[in-house]
Amino acid sequence: MSVIYDKVALIGLGLIASSMCHAIKRAGVAREITGFARSAETRETARELDLCTVFDSAAEAVEGADLVVLCVPIGAMGAVMQDIAPALKPGATVSDVGSVKRAVFDAVIPQLPKGVHFIGGHPMAGTEHSGPRSGFAELFDNRWCLIVPPENVDEAALTRLTDFWAGLGSNINMMEVDHHDLVCAVVSHAPHLIAYTMVGVADDLHRVTDTEVIKYSAAGFRDFTRIAASDPTMWRDVFLTNKEATLEILGRFTEELFALQRAIRMGDGDHLFDYFTRTRAIRRGIIDAGQDTAAPDFGRAPVKKD
Ligand code: NAP
């Protein structure tokens, strides 16, 4: 792979940025990577791991960068943009990896200096882990990266950014900003809220002991707990900033839940069977699209007992 940007600056050095560092190096798409994180502790860890050249201010990190990627929680994007705006190089592209796009557009675009491009980005890849130690080069492999261009996007800057994410292993799709937030509310944000609720409910069910919940969790609960272990700051910001779309989907979810509840109460087996047949087909579609494995137990290795 050839060099796409001479210098890439990553602001925030957590799971996504550290994975980008590894993937950028693997692909050779940048000559130099610089970075900044809020706490001295994270900056020190990033230096120790040799992720990139770490600076003690965001403004220093972006100086001379051709691509600046904001890898901080959504609620911090506006403040970071304010810090870096005066230091951005004319002709540079600012992008982000935030899970919500309208809020990032509103926080970033008004602060953009003349001659600097902004294009939203969202790698649809993650784990329940956070911080600079949690990153790995393969995170984006065969995962979608949604590119969200503003109106009147600079075509050359857009091509460069899509080539960059393709180099990191992603499949690329272009999406309009509000549609992005609706799609993510369906496939990611509402499911996370449901997982948080399910785990919270189990925590309240004292008729089932904690040991039983943990011991038999592979029956379904375990997959909720993985999602519900996701970073609290990131997810708080997602729900605060993608309010409308998430509430719309949760409204639909509540209606469906009531319908299923009613079918169970009325002994309406046909309704349940038809519903589960439809959901099973959706699962098969995900596997056919290569976004998960059909292996039993989701391909997890069996837990060995000593
Ligand atoms: P993370 O591991 O928690 O890392 C967040 C990083 O942002 C940390 O280095 C943190 O620094 C830094 N930070 C926080 N506030 C800051 C501020 N005001 N100024 C400068 N740095 C600041 O989070 P992540 O999972 O990489 O998520 C980052 C972004 O990616 C979020 O916008 C999220 O929506 C998006 N995203 C996440 C996933 C996922 O599954 N995790 C998937 C796709 C997109 P300190 O360590 O010093 O606090």
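What you see below is based on every heavy atom in this structure, not just the backbone, and it leaves out hydrogens, waters and symmetry mates. Counting starts at 1 for both ligands and their atoms, in listed order.
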(Q) Which heavy atom of Lys7 sits nearest to which heavy atom of Thr34, and what is that distance? (A) CE-CG2, 3.5 Å

Q) Given that the side chain starts at C-beta and the backbone is N, CA, C, O, which of these parts of Ala79 lies under 4.0 Å from ligand 1, counting heavy atoms, or is it both or neither? A) neither

Q: Determine whether more than 12 heavy atoms belonging to other residues, nucleotides or ligands lie under 6.0 Å from atom CD of Glu212.
A: yes

Q) Got the closest protein heavy atom to atom 38 (C) of ligand 1, with its distance? A) Met234 CE, 3.6 Å

Q. What is the ring orientation for Tyr275 with His271, classed by angle as parallel under 30°, tilted 30 to 60°, or perpendicular over 60°?
A. parallel

Q) Going through the checks in order, is the side chain to side chain donor-acceptor pair (under 3.5 Å) test met by Glu32 and Tyr5? A) CA-CA 8 Å; Glu32 191 186 352; Tyr5 295 104; over 6 Å; no

Q | Trace of the side chain to side chain donor-acceptor pair (under 3.5 Å) decision for Ser57 with Glu60 | A | CA-CA 5 Å; Ser57 79; Glu60 284 173 286; 2.9 Å; yes

Q. To which protein heavy atom is atom 28 (C) of ligand 1 closest, and what is the distance rounded to 0.1 Å?
A. Cys71 O, 3.3 Å

(Q) Would you say atom 10 (C) of ligand 1 makes contact with the protein, given that contact here means a non-hydrogen protein atom less than 4.0 Å away? (A) no

Q.
I'd like to check the salt bridge (charged side-chain N to carboxylate O under 4.0 Å, His left out) partners of Asp50; sequence neighbours left out, ordered by chain and number.
A. none

Q. Which atoms from ligand 1 have a heavy atom of Phe36 less than 4.0 Å away?
A. 20 (C)

Q) In terms of side-chain heavy atoms, does Thr42 have a donor or acceptor partner in Thr45 at a distance below 3.5 Å? A) no

Q) Does ligand 1 have any atom that is closer than 4.0 Å to a heavy atom of His122? A) yes

Q. Can Arg47 and Asp56 be said to form a salt bridge (charged side-chain N to carboxylate O under 4.0 Å, His left out), step by step?
A. CA-CA 11 Å; Arg47 285 186 184 113; Asp56 288 330; 3.0 Å; yes

Q) Between Asp237, Val72, Ile16, which one has a non-hydrogen atom sitting closest to atom 24 (P) of ligand 1? A) Ile16

Q. Taking the minimum heavy-atom distance to atom 8 (C) of ligand 1, which of Ile11, Leu13, Thr241 ranks first?
A. Leu13

Q. Taking distance alone, with no angle check, do Ala17 and ligand 1 share an N/O pair under 3.5 Å?
A. no

(Q) I need the contact type for Arg38 against ligand 1. Using non-hydrogen atoms and a strict under-4.0 Å cut-off, is it side chain, backbone, both or neither? (A) both

(Q) Please list, in number order, the atoms of ligand 1 under 4.0 Å from a heavy atom of Ala37. (A) 9 (O), 11 (O)

Q.
Would Arg143 and Phe140 count as a cation-pi pair here, with the cationic atom under 6.0 angstrom from the ring centre and within 45° of the axis?
A. no

Q) Identify the closest protein heavy atom to atom 3 (O) of ligand 1: which residue and atom is it, and at what distance? A) Ser130 CB, 3.7 Å

Q: With heavy atoms of Thr42 as the reference, note each atom of ligand 1 found under 4.0 Å away.
A: 9 (O), 45 (P), 46 (O), 47 (O)

Q: If you have a sec, work out which protein heavy atom is nearest atom 36 (N) of ligand 1 and how many Å separate them, to one decimal?
A: Ser99 OG, 3.5 Å

Q: Provide, to 0.1 Å, the distance between atom 14 (C) of ligand 1 and the closest protein heavy atom, together with that atom's residue and name.
A: Pro73 CD, 3.4 Å

Q) Step by step, would you call Asp154 with Arg160 a salt bridge (charged side-chain N to carboxylate O under 4.0 Å, His left out)? A) CA-CA 10 Å; Asp154 182 280; Arg160 232 170 145 192; over 6 Å; no

Q. Looking at atom 4 (O) of ligand 1, what's its closest protein heavy atom, distance included?
A. Gly14 CA, 3.2 Å

Q: With heavy atoms under 4.0 Å as the rule, classify the contact between Ala76 and ligand 1 as side chain, backbone, both or neither.
A: side chain

Q: From the options Ser99, Cys145, Ser170, Cys184, select the one residue that forms a side-chain contact (heavy atoms from CB on, under 4.5 Å) with Met124.
A: Cys184

Q) Can you tell if the side chain of Asp66 reaches within under 4.5 Å of the side chain of Val8, non-hydrogen atoms only? A) no

Q.
For atom 40 (O) of ligand 1, what's the nearest protein heavy-atom neighbour? Residue, atom name and distance, please.
A. Gly126 CA, 3.3 Å

Q) Do Leu247 and Leu193 belong together in a cluster built from hydrophobic side chains that touch within less than 4.5 Å? A) no

**Q.** Per-atom contacts, ligand 1 versus Gly12 - under 4.0 Å to a heavy atom
**A.** 6 (C), 7 (O), 9 (O), 12 (C)

(Q) Counting only heavy atoms closer than 4.0 Å, does ligand 1 sit against the backbone of Ser134, its side chain, both, or neither? (A) neither

Q: Below 4.0 angstrom from a heavy atom of Val80, which ligand 1 atoms are there? Numbered from 1 as shown, please.
A: 19 (N)

(Q) I need the nearest protein heavy-atom contact for atom 23 (O) of ligand 1: residue, atom name and distance, please. (A) Leu15 N, 4.5 Å

Q: Keeping the roles fixed (side chain from Asp237, backbone from Gly75), state whether a donor-acceptor pair exists under 3.5 Å.
A: yes

Q) For ligand 1, which atoms, with element, lie under 4.0 Å from some heavy atom of Pro123? A) 43 (C)

Q. When you look for heavy atoms under 4.0 Å from ligand 1, do you find them on the side chain of Val97, its backbone, both, or neither?
A. both

